[in-house]
Amino acid sequence: MSLIVMKFGGSSVGTTERMGRVAQRIIDKKLQGHKVIVVVSAMGDTTDDLIDKANEINEKPPAREMDMLLTTGEQISVALLSMAIHKLGHEAKSYTGWQAGIVTEDVHSKARISDISPDRIFNALEEGNIVIVAGFQGMTDRGEITTLGRGGSDTTAVALAAAIKADVCEIYTDVDGIYSTDPRVVKCARKLPAISYDEMLELAHLGAAVLHPRAVEYAKHYNVNLVVRSSFTNNEGTLVKEEAEMEQGVVVRGIAFDKNVARISVLGVDDTPGVLAKMFGALADNEIDVDIIVQNGVQDGKADFSFTVSSSDRARAFDVLASIKSSVPYRETTFEEDLVKVSIVGAGMVSNPGVAAKMFKAISDIGVNIIMVSTSEIKLSCVIASDPLTDVVRALHTAYGLDSSDTAFVGGPSDRR
Ligand code: ASP
Ligand code: MG
């Protein structure tokens with residue numbers, strides 16, 4: 001007998017009919033002799049709809065009230081799912097995040113879980129119940145209701161799995177695993193049997209939105225065995241764990257891309273200590289995430305440098321730079337939009353020479369210019385013009401020997417954000 005956490009995303013419980021199928025799936029697991037704790041997201045587009053409603057009433061709703069509102073989405077799901085299980089003749093009990101003992105830090109809209117006291121859910125399990133916990137929510141020490149950030153139900157599931165020392169945490173979603181790249185772009189993308197936490201973390205941060213990055217961080221920290229699998233089929237999913245074997249001769253595990261990249265250049269900056277600290281400090285104070293930073297050489301005591309931000313932050317970043325021009329003088333700022341960052345990820349990259357050269361060659365063979373490059377031990381990213389992205393991703397997929405002969409399965413509407 002195992003202790004298993006099963007997490008179902010919003011599209012998996014998007015209709016009452018789907019809810020019924022999920023209920024059956026949970027019961028099947030219990031009938032196999034396991035103890036089951038379930039975490040669910042809000043049904044379908046509920047969270048988005050609630051956000052729209054809030055904005056109709058007040059375009060700047062207080063964060064506290066927003067959390068009060070959004071947590072209702074998951075509360076609906078857990079109650080209905082429990083009813084569906086009862087209807088099929090089994091015992092289940094639903095709990096809000098705070099009833100399940102999930103304590104968070106004192107921040108609204110993207111709180112981190114600080115502690116879990118799982119006594120109550122253990123008792124309910126002992127009594128023979130299927131336990132159902134609302135994802136994405138918790139409560140502060142002061143009794144304030146909080147949410148964990150969009151997509152946060154994954155984190156609830158992993159954190160609960162860690163707290164109760166579950167044998168496995170299964171994330172059921174609308175794709176049947178983690179793929180070598182987006183199967184909608186590359187038809188012969190392959191489903192990975194396993195991937196390491198570090199590789200998954202890179203892919204999650206790079207925009208492969210199947211798993212929430214914070215959930216992967218948690219899983220890594222507490223060594224939780226995670227499985228990503230489809231809620232619509234019985235296909236085996238992808239196991240996320242400490243170390244995953246690489247197929248012989250394969251060094252790259254996956255290819256990710258982020259389409260909303262803008263590059264900002266700041267030209268003619270004084271080449272003196274503290275300048276970058278001031279500039280990037282100001283951007284950070286304004287919550288602007290900066291990605292790749294490149295300094296382009298110094299002439300006559302003046303430096304030029306470029307950095308990337310997400311397109312949606314470009315205008316604000318420009319405003320911030322304008323606002324500090326008097327304390328950090330520079331000649332001018334320029335920008336380019338419609339760029340993409342394409343990245344290859346693989347734990348084997350560190351110890352294999354020639355990986356980068358292969359990427360540059362595959363990209364230049366299609367006549368695409370590489371604008372910026374950044375590397376980490378297990379990742380290599382190139383910023384390029386957004387056209388022809390599909391060709392680039394396909395070429396890289398082939399170059400690194402990732403093409404599979406099976407065509408990927410892509411399921412129903414997306415849980416992925
Ligand atoms: N319902 C929340 C959202 O849509 C949390 C989740 O789905 O994980 O972001
Ligand atoms: Mg969701």
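Whatever order the structure lists ligands and atoms in, that order sets their numbers, starting from 1. Excluded from the calculations below are hydrogen atoms, water molecules and symmetry mates; all remaining heavy atoms, backbone and side chain alike, are included.
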field: Close-contact set for ligand 1 against R150 heavy atoms, below 4.0 Å
entry: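 Here the atoms of ligand 1 in question are 3 (C), 4 (O), 9 (O).
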
- prompt: Which ligand 1 atoms does G151 reach within 4.0 Å, using its non-hydrogen atoms?
  reply: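 Counting from 1, the qualifying ligand atoms are 3 (C), 5 (C), 6 (C), 8 (O), 9 (O).
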
message: Please report whether the ring centroid of F232 lies less than 6.0 Å from that of Y172.
response: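 No, the ring of Y172 stays outside the 6.0 Å limit from the ring of F232, centre to centre.
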
message: Can you confirm if the aromatic rings of F305 and Y330 lie within a centre distance of less than 6.0 Å?
response: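 No, the ring centres sit 6.0 Å or more apart.
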
query: Is any N or O atom of E74, backbone or side chain, closer than 3.5 Å to an N or O atom of ligand 1?
result: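 Between E74 and ligand 1, an N or O pair is found under 3.5 Å apart.
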
query: Do N123 and E127 meet the criterion of a side-chain donor-acceptor pair at a distance under 3.5 Å?
result: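 Short answer, no.
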
Residues E287, R316: salt bridge by 4.0 Å N-O rule: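 Looking at R316 together with E287, the answer is no, because their closest N to O distance does not fall below 4.0 Å.
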
- prompt: Looking only at heavy atoms of G135, does any of them come nearer than 4.0 Å to an atom of ligand 1?
  reply: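 In this structure, G135 fails to qualify as a contact of ligand 1 - no heavy atom is under 4.0 Å.
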
